[in-house]
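First comes the structure, then the notes that go with it.
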Number of protein chains: 2
Amino acid sequence: MRRSSAETKAVILAAARERFAADGYDKATIRAIAADARIDPAMVMRYFGTKEKLFAAAAEFDLELPELAPDQAGAGLVRHFLRKWEADEGLQVLLRTGVTNEAAAERMRTIFGGQVMPLVIGLTGDPERAPLRASLVASQLLGLALSRYILKFPPMVAATEEELIAWLSPTVQRYLTE
Amino acid sequence: MRRSSAETKAVILAAARERFAADGYDKATIRAIAADARIDPAMVMRYFGTKEKLFAAAAEFDLELPELAPDQAGAGLVRHFLRKWEADEGLQVLLRTGVTNEAAAERMRTIFGGQVMPLVIGLTGDPERAPLRASLVASQLLGLALSRYILKFPPMVAATEEELIAWLSPTVQRYLTE
DNA sequence: GTGGAATGTCAACGGCCGTTGGCCTACAAT
DNA sequence: ATTGTAGGCCAACGGCCGTTGACATTCCAC
């Protein structure tokens with residue numbers, strides 16, 4: 001079969017995202033990704049050069065945090081995070097990989113440092129404690145993703161979006177505004 | 001060098017725990033563990049049979065949850081969890097590994113289901129909502145470990161034990177007692 | 001002191017990995 | 001119709017892995 005360069009690249013990237021999200025960095029092999037994309041492993045190298053560069057491309061990610069009213073920021077953040085997780089594999093890629101791969105952990109730090117912290121500063125006008133506040137928020141949101149989507153604790157899997165929002169919003173709200 | 005069987009087994013197990021905790025299942029190779037233990041890789045197989053069985057032995061773990069007064073359970077749990085994490089590599093092994101290894105994820109589920117849930121039932125006398133409560137507690141505590149010890153978000157690393165207890169206790173307390 | 005079990009080493013196996021270089025093959029411009 | 005080029009394939013490399021079996025060494029019981 002014959003495709004345009006851009007098409008092939010996109011197909012490979014989609015397969016890579018799925019594999020990295022499902023298996024983590026090491027178990028997601030170039031060969032498996034290539035098989036998913038119905039293409040020779042050599043093509044992956046041609047288009048991305050190296051497994052690390054392919055991963056870097058697959059881990060591109062933007063939290064796309066919305067503007068939030070200060071008194072509803074907690075609920076808004078939890079809801080946005082849950083939906084973002086389910087709609088975009090990027091977060092899964094980063095979490096599955098960041099645990100055993102220092103480069104991915106570094107990217108996670110910059111994403112949360114660069115995207116959550118400014119939001120917190122804007123919401124609280126408290127630049128001094130904002131880094132800790134943002135990290136506390138991140139700890140609860142990532143713990144949610146970990147227990148619900150990765151470790152699959154049955155009660156977390158069974159809970160509805162609304163239940164989770166109801167339970168977690170006050171926590172996040174308090175971390176944001178004391 | 002010549003050692004007793006039990007000594008050697010213990011040395012291998014200690015090396016395995018360190019490697020699994022630092023690197024996760026795949027990157028912690030039998031060869032590296034054997035090198036740490038200053039022994040031939042074949043000995044690891046002799047004593048443990050298989051990499052999976054070695055892992056199972058290295059991932060033995062008991063949370064050792066203490067008895068807690070209901071109104072101080074939040075603070076007690078956070079403090080206990082922080083100290084347990086730093087004193088015992090078992091939790092690190094499970095978290096680093098559970099993210100990409102289904103067997104470790106299953107063990108994590110049984111540990112939290114079998115140890116945290118009974119504690120929550122005892123504290124609240126509310127068997128119906130206890131599973132969700134326990135999972136919420138777990139989500140915050142695991143999120144704490146993830147952001148502080150694995151991803152190493154700088155503000156979480158810099159925070160003192162007392163600061164973290166002060167911030168997280170109300171969260172855990174609320175998950176436990178509404 | 002000699003035999004045998006326990007402890008430890010060594011070399012090799014088959015397998016999967018990332019990566020490379022050469023070779024086809026379809027297509028578009030001439 | 002010819003040719004250049006871009007898309008794709010194939011076979012192979014060196015490396016590391018878990019695992020195995022044969023071989024060496026130490027120790028203890030008799």
Side-chain angles (χ1 to χ4, degrees), chain A residues 1-59 93 96-104 107, chain B residues 1-59 93 96-104 107:
Chain A
M1 206 181 307
R2 182 116 175 165
R3 287 175 288 206
S4 82
S5 169
E7 274 172 354
T8 301
K9 216 173 164 180
V11 170
I12 294 172
L13 204 55
R17 258 195 263 268
E18 265 186 52
R19 282 281 175 178
F20 281 130
D23 298 339
Y25 188 83
D26 294 298
K27 291 165 100 161
T29 67
I30 295 270
R31 287 167 140 95
I33 292 167
D36 288 355
R38 298 183 199 288
I39 218 163
D40 192 90
M43 295 307 289
V44 179
M45 308 307 291
R46 230 218 248 313
Y47 283 116
F48 292 93
T50 243
K51 187 181 181 182
E52 287 218 20
K53 290 184 194 165
L54 172 62
F55 172 75
V93 171
R96 272 256 161 68
T97 300
V99 169
T100 44
N101 182 293
E102 176 50 29
R107 175 154 330 190
Chain B
M1 204 180 311
R2 181 115 173 165
R3 288 174 287 206
S4 83
S5 169
E7 274 172 352
T8 301
K9 218 173 162 179
V11 170
I12 294 172
L13 205 55
R17 259 195 261 270
E18 266 186 51
R19 283 282 176 177
F20 282 129
D23 298 339
Y25 187 81
D26 294 298
K27 291 166 100 159
T29 68
I30 296 269
R31 287 167 140 96
I33 291 166
D36 288 355
R38 296 182 199 289
I39 218 166
D40 192 272
M43 294 306 289
V44 179
M45 308 307 292
R46 230 214 245 314
Y47 283 116
F48 292 92
T50 241
K51 187 182 181 181
E52 286 218 22
K53 289 185 195 166
L54 172 62
F55 173 75
V93 171
R96 271 257 162 68
T97 300
V99 170
T100 45
N101 182 292
E102 175 51 28
R107 177 157 323 193

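Each chain gets a letter, A, B and so on, in the order the sequences are listed, and its residues count up from 1.
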Protein-nucleotide distance ([X], atom [atom1]; [N], atom [atom2]), rounded to Å:
X     : N      : atom1 : atom2 : value
A/I33 : C/dG18 : CD1   : C1'   : 12 Å
B/I12 : C/dT9  : CD1   : C1'   : 14 Å
A/I30 : D/dC9  : CD1   : P     : 15 Å
B/E52 : D/dC17 : CD    : P     : 17 Å
B/D23 : D/dC16 : CG    : C1'   : 15 Å
A/F55 : C/dG18 : CZ    : P     : 14 Å
B/D26 : D/dG18 : CG    : P     : 9 Å
A/M45 : D/dC9  : CE    : C1'   : 16 Å

> Between B/R96 (side chain) and B/D23 (backbone), is there a donor-acceptor pair under 3.5 Å?
Replying inline: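 It does not hold such a pair.
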
> Counting only N and O atoms by type, is there a donor-acceptor contact under 3.5 Å from the side chain of B/T29 to the main-chain atoms of B/A32?
Replying inline: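 Side chain of B/T29 to backbone of B/A32: a pair is present.
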
Which value, rounded to the nearest 0.5 Å, describes the distance between [X] atom [atom1] and [Y] atom [atom2]?
X     : Y     : atom1 : atom2 : value
B/Y47 : B/T8  : OH    : OG1   : 4.5 Å
B/D40 : B/I30 : CG    : CD1   : 11.5 Å
A/D36 : A/R31 : CG    : CZ    : 14.5 Å

Dump every N/O contact between nucleotides 26-28 of chain C and the protein below 3.5 Å, one line per pair.
none

Counting side-chain heavy atoms from CB outward, which of [options] is closest to [X]?
X     : options                : result
A/R3  : C/dG18, D/dG8, C/dG8   : D/dG8
B/M43 : C/dG18, D/dT19, C/dG8  : C/dG8
A/P41 : D/dG18, C/dT19, D/dT20 : C/dT19
A/D40 : C/dT7, D/dT20, D/dC10  : D/dC10
B/R46 : C/dG8, C/dT19, D/dG8   : C/dG8

> When all nucleic acid strands are considered with a 4.0 Å heavy-atom cut-off, which category describes A/F48: base, sugar-phosphate, or nothing?
Replying inline: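 Answer is nothing: A/F48 stays at 4.0 Å or more from every strand.
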
> Is B/K51 positioned over the aromatic face of B/Y25, cation under 6.0 angstrom from the ring centre and no more than 45 degrees off axis?
Replying inline: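 Yes - B/K51 lies over the ring of B/Y25, closer than 6.0 Å to its centre and within 45° of its axis.
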
So, is [X] close to the [N] phosphate, meaning a side-chain N or O under 4.0 Å from OP1 or OP2?
X     : N      : answer
B/T50 : D/dG18 : no
B/T8  : C/dG8  : yes
A/T29 : C/dC17 : yes

>> Under the criterion side-chain contact (heavy atoms from CB on, under 4.5 Å), I'd like the reasoning laid out for A/T100 against B/V99: C-alpha separation, chi angles, the key distance, then a yes or no.
In response: CA-CA 9 Å; A/T100 44; B/V99 170; over 6 Å; no

>> Before you tell me yes or no, could you show the steps for B/V93 and B/F55 under side-chain contact (heavy atoms from CB on, under 4.5 Å), namely the whole-Å CA-CA distance, both residues' side-chain angles and the distance that decides it to 0.1 Å?
In response: CA-CA 9 Å; B/V93 171; B/F55 173 75; 3.7 Å; yes

>> If you assign B/A42 and B/S4 each to the DNA chain C nucleotide with the nearest heavy atom, which residue ends up on the more 5' nucleotide?
In response: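 Its nearest nucleotide being more 5', the pick is B/S4.
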
>> Both A/Y47 and A/R31 contact DNA chain D. Taking the nearest nucleotide for each, which residue is further toward the 5' end?
In response: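 Mapping each residue to its closest nucleotide by heavy atoms, the 5'-most match is A/Y47.
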
